[in-house]
Protein chains: 2
Amino acid sequence: MNHKEIIAYLKQKNLRVTPQRVAIYEAICKLNNHPTAENIISFIQVNHPNISIGTVYKVLDSLVENNLIQKVKTENGSMRYDSHLSKHHHLYCIETEKIEDYEDSELDKLINNYFKKKKIKNFQIKDIKLQITGNFK
Amino acid sequence: MNHKEIIAYLKQKNLRVTPQRVAIYEAICKLNNHPTAENIISFIQVNHPNISIGTVYKVLDSLVENNLIQKVKTENGSMRYDSHLSKHHHLYCIETEKIEDYEDSELDKLINNYFKKKKIKNFQIKDIKLQITGNFK
DNA sequence: CTGCGTGCAAATGGTTTGCACTACG
DNA sequence: CGTAGTGCAAACCATTTGCACGCAG
């Protein structure tokens, strides 16, 4: 998604278009693979030296609220952000702490079918996410 | 697991038996359902008024390292502890933030079989955990 | 113009750390 | 007795908040 498209997208979502918002959203798109707030900040500070950390967090929150991005929590507690919106699971690399998206509609179907037959008692399922840990080869 | 058994268990794991350790491990067993460090501290402080927060965290770390308990991270980033060691998944209640264990060897078998056939390219799976979110009825 | 968005700096909160002291084995 | 464990308080670090100013609509 390029600059113009981002601006159009923000407008369409009824968000005020500010240079900071555009930059932050652009950063998340370019920094593929779940950047932390820190990653985003240092990426942006190249072109926006006076953007403030507080602002970044505020913008991230509003992007999450308006469903432009998703928040992913990690093993060590810090948050990561993902511009990839469709339902997906995550691969966690034990060694490098890298996180990658994993989409697999066949697997989703399998699991959904399983829970269609076998309900969990006293619990109504809303969503199922897999955390797959291992190593990239 | 009662007091005596806990002491025996710690010994068997080559851990020094101190009143603090016993109390903390006992607290986690009794406070079924994934207490936070804070939950544990306030539970223990009834009988051990001068136990220190730092100590609790240190003991929790050593119990985790020695495989007496497991660490579970939550949505909001704080850690929870679980004396339940066998492989299991988690049910997250959206409304109450309650976490419950979910064991289902049939499901595990299904998923393992699936990934035996369909490998993820460039990734070697070590473990798979499901986060099932929804509501308790 | 009006109010949302921003920058700054201080506050927060859960967790960690350093160090002198204590007590388990 | 020697060393691992403890208590305390200060440090950490990612994130949040409050407030005055600035800019988008």
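Owing to the predicted nature of the structure, the values given are computational and were not obtained by experimental measurement. Quick note on labels: first sequence line is chain A, next is B, and so on, each numbered from 1.
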Rounded distance (Å) that lies between atom C1' of D:dT15 and atom NZ of A:K71: 9 Å

Round to the nearest Å and state the distance from B:N50 atom CG to C:dA23 atom C1'. 15 Å

Can a side-chain donor-acceptor contact be found between B:D101 and B:H34 if the only test is distance below 3.5 angstrom? yes

I want to check one thing: is the phosphate of C:dT16, taken as OP1 and OP2, less than 4.0 Å away from some side-chain N or O of B:Y57? no

Can you tell me how far C1' of C:dG25 sits from NZ of B:K13, to the nearest Å? 20 Å

OP1 or OP2 of C:dA23 under 4.0 Å from side-chain N/O of B:Q20: no

Could you pick out which residue, B:G54 or A:D61, lies toward the 5' side of DNA chain D when each is mapped onto its nearest nucleotide? B:G54

Find the distance A:R16:CZ to D:dG25:P and express it as a whole number of Å. 7 Å

Nearest whole Å is fine: how far is C:dT6 C1' from A:L15 CG? 15 Å

Among D:dG7, C:dC8, C:dG14, which is the nearest nucleotide to the side chain of B:E38? C:dG14

From the set D:dG7, C:dT6, C:dT15, return the single nucleotide nearest to any side-chain atom of A:R21. C:dT6

Check the orientation of B:H88 and B:H84. Use parallel for under 30°, tilted for 30 to 60°, and perpendicular for over 60°. parallel

Between the base of D:dG25 and the side chain of A:K11, is there any donor-acceptor pair under 3.5 Å? no

Nearest-Å distance for atom pair CG/P, residues A:N14 and C:dC4: 14 Å

Here's a test of your reading of the structure: between A:V59 and B:I53, which maps to the more 5' nucleotide of DNA chain C? A:V59

Side-chain H-bond candidate by donor/acceptor type, A:T36 with A:N39, under 3.5 Å: yes

For A:H48 and A:Q20, test the side chains for any donor-to-acceptor distance below 3.5 angstrom and give the result as yes or no. no

Taking the side chain of B:M79 as its heavy atoms from C-beta onward, which of C:dT15, C:dG7, C:dC19 lies nearest to it? C:dT15

In plain terms, say whether A:K118 and B:E106 are close enough for a salt bridge, that is, a side-chain N and a carboxylate O under 4.0 Å apart. yes

Output the single nucleotide from C:dG25, D:dT16, D:dA24 whose closest atom is nearest the side chain of A:P19. D:dA24

Can you measure A:K58 atom NZ to D:dT17 atom P for me and round it to whole angstrom units? 10 Å

On DNA chain D, more 5' by nearest nucleotide between A:S78 and B:T55 is B:T55

Expressed as a whole number of angstroms, how long is the span from B:Q45:CD to D:dT6:P? 15 Å

When all nucleic acid strands are considered with a 4.0 Å heavy-atom cut-off, which category describes A:T18: base, sugar-phosphate, or nothing? sugar-phosphate

